[in-house]
> 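Got a structure here, written out as structure tokens. Questions coming.
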Amino acid sequence: MKILNSPSEAITYRKTLNGSVGFVPTMGALHEGHLSLIEKAREENDFVIVSIFVNPTQFLPGEDLDKYPRRLEADFEICRRAGVDAVFTPAPENMYTNDEVLIKAPKVKGYILEGFNRPGHFDGVLQVVNKLFNIIRPTRAYFGKKDAQQLYLIKQMVDNFFFNIEIVECETKREKDGLALSSRNIYLSEEERKRALSISKALKRAAKLSSKTNNIEKIKKEMIEILDVDELQYIAFVDRDFNYINEIKPGNTIILIAAKVGSTRLIDNIFI
Ligand code: PAF
């Protein structure tokens, strides 16, 4: 497995590849969720490239950039075992200059929900994904549905900037008890982890209720009763294009939650 430490190394390596390239962008601390993206990429492409880059521009001041888990050697081993051809792991100074051409997330859908709670977050995500796509020039890129708004905005960027890349949406991986896998779960104490479970439980209950009623207020009320979090940032009902909806539309609804348990911010969702 090749380790590519700079954009120029990655660009040179990419030129040697003849065939389809599956790309899995990550910030490392790889877990089963990432592994499922890598495995799908492995099945569907001649070559698989994973990037590991804790992108500073998508963290807001005061967020967990410095303490974000970094486990490069363990991540390399996971990638090696999964048959990854190359890992791209650049240093921030090789990815950014001081005064850059910037990319802005769309004014509405980039600044609601996650974008409202983390203003500027999606500008940073789209900027780095744009750079990564230009460096790796993948045939297909793999993203998890847990970051549903990110996935939606990346698809929009691909359309708006005419990238010739297929975006592959992958199901959220969960622990046996339902907790959505996230690199941030390691921040949770045992007691917090138990309470964090109430997020997936509330979503599961919402999905069940949605088969009986379209009434969002009724569903939301039951979700709030189940949730045992310290700070509920939002429960939202949107369609697949991230327009707010007033009632459940079967086959075209996403229910999303963002909440803090202790000091850990978690997000999860369910597609109805
Ligand atoms: O989802 C993530 O891990 C990150 O937002 C991404 C897409 C790798 C960009 O830094």
Side-chain angles (χ1 to χ4, degrees), residues 4 7 10 21-38 40-41 48-60 63-72 74-75 78-79 84 86-96 100 102-106 109-110 113-115 117-136 138 140-158 161 163 165-173 180-187 256 258 264-269:
L4 309 165
V21 174
F23 177 45
V24 183
T26 81
M27 298 206 300
L30 302 182
H31 51 63
E32 290 288 327
H34 298 113
L35 193 58
S36 71
L37 307 187
I38 294 171
K40 203 165 167 43
V48 176
I49 302 179
V50 172
S51 65
I52 298 178
F53 179 62
V54 183
N55 172 40
T57 66
Q58 70 189 74
F59 288 80
L60 269 64
E63 287 190 344
D64 56 345
L65 172 62
D66 292 335
K67 73 165 190 171
Y68 197 85
R70 288 163 172 86
R71 304 195 213 108
L72 215 45
D75 289 347
I78 291 170
C79 289
V84 168
V87 176
F88 174 48
T89 175
E93 55 273 25
N94 290 335
M95 288 293 274
Y96 291 105
E100 293 231 335
L102 298 172
I103 288 180
K104 295 294 283 176
K109 289 173 188 171
L113 304 171
E114 283 307 280
N117 284 280
R118 306 179 71 191
H121 166 68
F122 287 124
D123 298 349
V125 169
L126 295 179
Q127 178 140 38
V128 79
V129 171
N130 198 299
K131 285 175 188 261
L132 292 167
F133 281 177
N134 282 316
I135 294 165
I136 305 297
R140 300 182 184 86
Y142 295 77
F143 294 90
K145 282 166 134 179
K146 186 168 99 60
D147 294 302
Q149 195 177 358
Q150 165 176 286
L151 173 60
Y152 170 78
L153 292 170
I154 288 170
K155 285 198 298 187
Q156 184 173 346
M157 182 180 75
V158 163
F161 287 3
F163 276 107
I165 297 172
E166 182 188 335
I167 301 299
V168 184
E169 305 184 8
C170 303
E171 292 306 320
T172 300
K173 280 275 164 188
L181 295 187
S182 160
S183 303
R184 290 189 168 100
N185 288 351
I186 59 156
Y187 301 150
L256 308 109
T264 305
R265 185 172 188 279
L266 299 170
I267 59 170
D268 198 356
N269 64 64

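Residue indices begin at 1 and follow the sequence shown. These figures come from a predicted structure and were not determined experimentally. Numbering of ligands and ligand atoms starts at 1, following listing order.
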> Check ring pair (Phe, Tyr, Trp, His ring centres under 6.0 Å) between Tyr142 and all other residues, then give those that pass, not counting sequence neighbours.
none
> May I ask you to check if ligand 1 and Gln150 share an N or O to N or O distance below 3.5 Å?
yes
> Flag the pair Lys40 and Glu171 as a salt bridge only when some basic side-chain nitrogen lies within less than 4.0 angstrom of an acidic carboxylate oxygen.
no
> Tell me, which protein residue and heavy-atom name are nearest atom 3 (O) of ligand 1, and how many Å apart are they?
Met27 CG, 3.7 Å
> Looking only at non-hydrogen atoms, find the nearest pair between Gly124 and Asn55 and report the distance.
O-ND2, 3.2 Å
> In ligand 1, which numbered atoms sit nearer than 4.0 Å to a non-hydrogen atom of Val128?
9 (C), 10 (O)
> Considering residues at least two apart in sequence or located in another chain, which fulfil the side-chain contact (heavy atoms from CB on, under 4.5 Å) criterion with Asp123?
Lys104, Ala105, Tyr111
> Does only the side chain of Thr26 get under 4.0 Å from ligand 1, or the backbone, or both, or neither? Count heavy atoms.
backbone
> Is there at least one pair of N or O atoms, one from Gln58 and one from ligand 1, spaced under 3.5 Å apart?
yes
> Side-chain contact test, heavy atoms from C-beta onward, threshold under 4.5 Å: evaluate it for Met27 versus Phe59 and give yes or no.
yes
